[in-house]
Amino acid sequence: MVGANAREAVDSMRKARLRTALGIIGIMVGISSVIAMVSVGEIAQEQARKQFEELGTDIVVIRKSFESAASVEIDLEDAIALDATVASIIEAAPRILGDGEFIHSGKTVGNGSVNGVTATFASVNQLIVQKGRFISDFDIGRYFCVIGADLASEIRNNGVVNPVGTTVEVGGRLFTIVGVLQGIEENYVLPVQIDANRSIFIPISTAQRVAWRPEIEVIIARSRTDIHHEKVAADITEYFRRRAPGLQLQIITAKELIARMESQMNIFSLLLGAVGSISLIVGGIGIMNIMLVSVAERRQEIAIRRALGAQRRDIQSQFLTESIILTMVGGIFGIALGLAVTWGICRYTNWDFMVSVTSIASGLGTAAIAGLFFGFQPAYQASRLDPIAGLQSE
Amino acid sequence: MSWCSRDVPMMSETVNTDQNMPKSILSLSDIRRSFQIGPTNTEILKGVDLEVYEGDLLSIMGPSGSGKTTLMNIIGLLDQPSSGYYVLDGDKVSNLNDNALSSLRNKQIGFVFQAFHLLTRSSAVENVCMPLLYRGVRRKAAVRSAEEMLDKVGMGERLRHRPNQLSGGQKQRVAIARALVGSPSLLLADEPTGALDPNTAKEVMSLLLRLNDEQKLTVMIITHDVNIARQCKRQVFIRDGTLIESSEYMNAAHSETADRNGHATAAIVEG
Ligand SMILES: Nc1ncnc2c1ncn2[C@@H]1O[C@H](COP(=O)(O)OP(=O)(O)OP(=O)(O)O)[C@@H](O)[C@H]1O
Ligand SMILES: [Mg+2]
């Protein structure tokens, strides 16, 4: 009999097209917003993860913490010896940070940061030399510099074909340009900005002498990927505790950032899902209303069926099946619409579109549950109608 | 001769012990039904007794509001009496639950209504199938039976027509086919010709007569039309909430000086 009731349900839906279409549209909008919201959330998360991966998930950023005593600083020798001493660190690149106006051939060619660095800074931060060379460990105390791509093109605009070998004046001192960097896309996910294109890089030993603030501002390091980020942080802390008692550090690992970001993203996805669910509930209430109206309109039909021997559960299952089919069909259209919307958003934001299987499954699941949930009351009402009242001719 | 006396035994088994007596289809005894209308409780049926036998063709007449439809709803198991005994084809139906009543209704009762009450969006065949589907008959078999039944009532040419594509008489034929497709033991018709023009009414009536005659179908017809009542084997009247069989009624009518029921009863008395 269930099969027959389902057939009755399908039949009466086919025969009442407008009602059916309205119900389907309501659920379609609801499901599509769930799908779109959840998918966009997942895609955004994936996108952020990709940015990290380009940068390397092994980055560790070490700074002197604000809680640290003012008198203790990160020692340059300690910073340089970090990768050789701590097994979990592969490379460490300390930096002394200053800034200034860059003057070339009497003209101001830029305004940016002056990074006092070691040779490792290029490899740790994936800086690529386009011409000449990077700062080397043998440049101790020398007035050499490597310039960023924007700065180089500004100098070339002034008629200098090859900046390498010429000098640039910074803070009243002349630095000989030994290399030019390739342009690089700035990465915003890390808690340290390099702004390599508009900066110059000088030997860290020189920076110690000339900088207004000669302390080491940051150590950017790469850790072994097979070691957990908490262990890496602990190793670094232990290393400096022995070498520089009283020095408090702030250690941020990319992995920790990713984890933090992921949990934030999950909350974000959940929020988006909740917003989508609200429209699903609205759609579900729409279905319920349509079904309730349908039950009211079809009092006579129900009464006739009852007079012909339909049991209450026949009527109930007929109407429940109608709701479930409505929401399932709405759900399938909704999934298609939701994916289309997601695709549109991805095109607009230049993200990589992907189909989220979980969102589809949850979309269909919620559609079915919504059908059951919102269809139950109308179906129950239908089954309880008094056939005699329904049979009275108006 | 009296068919409806309070002395008739209530249980059908007892009735059927007599070999010469026809089989009892329906036995009502002291059926009462009252409705709460506002603050007052009005008793519409005040102790109805009725015995109907297989092959009976019975008309029920009575003024509007006298409780004819109410009685038919009780007989058709759509409604339950406030009190009284009711035995349908050997089954005592008082105190059955809704599911049991529905399935008994499905098997034993065929309804024909004044307003046809076809499912408007379904074809003739789909309408006629319905009672069979609700008892679990497979769709194919149900369609076959429905087609045969429609053919029997002269609707074999219009199997796929929807109700709005049929005339009143045709709709009523479909309704009769639907009432009969499940071979019920009792056909209940509430003013089956009430919405039809005289010629069509005559055709539908002769169909019912033929079914009663050829198939020994037991039929109860509620009507306001004396001509229809006259064609029935038995005439029953509702007066003041009780039933009076025509023979008794004539006596009652003779003894009563003022008859408030007017023309209809007068015609019967004359006929
Ligand atoms: N559910 C109900 N609630 C209250 N009163 C009712 C109900 N059903 C019927 N009645 C009352 O019972 C009385 C009998 O109604 P019924 O429909 O049986 O009359 P009838 O003999 O079929 O009349 P008609 O010839 O007009 O069809 C009427 O007064 C009606 O108002
Ligand atoms: Mg009536």
Side-chain angles (χ1 to χ4, degrees), chain A residues 1-21 23 290-291 293-319 321-322 325 379-394, chain B residues 33 35 69-70 72-74 76-80 97-123 126-142 162-163 175 178-182 184 188 190-191 194-195:
Chain A
M1 199 55 225
V2 171
N5 289 333
R7 225 190 129 111
E8 288 300 324
V10 173
D11 268 6
S12 58
M13 286 168 64
R14 265 214 333 262
K15 286 160 185 164
R17 292 209 182 83
L18 181 65
R19 196 173 64 208
T20 306
I290 282 172
M291 292 308 293
V293 169
S294 160
V295 168
E297 271 174 1
R298 289 154 76 187
R299 279 173 48 207
Q300 185 175 325
E301 175 197 325
I302 295 162
I304 294 168
R305 290 177 185 276
R306 296 278 282 132
L308 298 179
Q311 306 207 335
R312 283 182 178 148
R313 60 166 177 262
D314 292 324
I315 302 295
Q316 187 163 353
S317 81
Q318 179 189 334
F319 278 83
T321 311
E322 271 195 51
I325 292 174
Y380 181 78
Q381 269 191 21
S383 74
R384 293 280 141 175
L385 280 182
D386 175 16
I388 296 170
L391 286 172
Q392 270 159 5
S393 31
E394 301 73 35
Chain B
R33 180 69 168 102
F35 292 108
T69 301
T70 302
M72 194 184 89
N73 287 338
I74 289 171
L77 306 173
L78 288 169
D79 193 13
Q80 295 213 276
N97 67 17
D98 190 82
N99 282 349
L101 287 174
S102 298
S103 100
L104 210 54
R105 180 163 64 236
N106 177 262
K107 293 188 178 106
Q108 304 279 42
I109 308 285
F111 284 103
V112 174
F113 303 97
Q114 174 175 9
F116 318 123
H117 283 333
L118 297 175
L119 298 182
T120 49
R121 294 190 170 108
S122 303
S123 71
E126 286 172 328
N127 264 288
V128 177
C129 276
M130 212 67 71
L132 296 178
L133 296 180
Y134 280 124
R135 69 172 73 160
V137 175
R138 297 203 162 253
R139 190 137 196 124
K140 259 196 184 151
R162 299 258 197 88
R178 183 178 67 181
L180 297 181
V181 74
L188 295 176
D190 193 349
E191 298 185 48

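Proteins get letters first, then strands, A, B, ... in listed order; numbering begins at 1 in each.
- Using a 4.5 Å cut-off between heavy atoms, I109(B) does not touch chain A at all.
- Of the listed residues (V137(B), D190(B), N106(B), L104(B)), the greatest number of heavy-atom pairs within a distance under 4.5 Å of chain A belongs to N106(B).
- The residue from L78(B), D79(B), L188(B) that alone fulfils the side-chain contact (heavy atoms from CB on, under 4.5 Å) condition with M72(B) is L188(B).
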- Please assess N99(B) against R313(A) for the test side-chain contact (heavy atoms from CB on, under 4.5 Å), listing each intermediate value before the final yes or no. CA-CA 9 Å; N99(B) 282 349; R313(A) 60 166 177 262; 3.3 Å; yes
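- D98(B) touches chain A through its side chain: at least one heavy atom from C-beta onward sits under 4.5 Å away, while N, CA, C and O do not.
- Residue T120(B) does not touch chain A at all, counting heavy-atom pairs closer than 4.5 Å.
- Only the side chain of R178(B) comes within contact range of chain A, judged by heavy atoms closer than 4.5 Å.
- Considering only heavy atoms from C-beta on, Y134(B) stays 4.5 Å or farther from S102(B) through its side chain.
- The minimum heavy-atom distance between A307(A) and L391(A), with the atom names listed, is CB-CD1, 4.1 Å.
- Residue contact with chain A, scored on non-hydrogen atoms closer than 4.5 Å, involves the side chain of N73(B) exclusively.
- For chain B, the nearby parts of R306(A) are the backbone and the side chain; heavy atoms of each come within less than 4.5 Å.
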- Message: Working note: R305(A) + L119(B), criterion side-chain contact (heavy atoms from CB on, under 4.5 Å); need CA distance, chi angles, decisive distance, verdict.
- Response: CA-CA 9 Å; R305(A) 290 177 185 276; L119(B) 298 182; 3.6 Å; yes
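- Partners of F113(B) by ring-ring contact (aromatic ring centres under 6.0 Å, His included), not counting sequence neighbours, listed by chain and number: F111(B), H117(B).
- When the candidates M130(B), K107(B), E126(B) are compared by the number of heavy-atom contacts under 4.5 Å with chain A, M130(B) comes out ahead.
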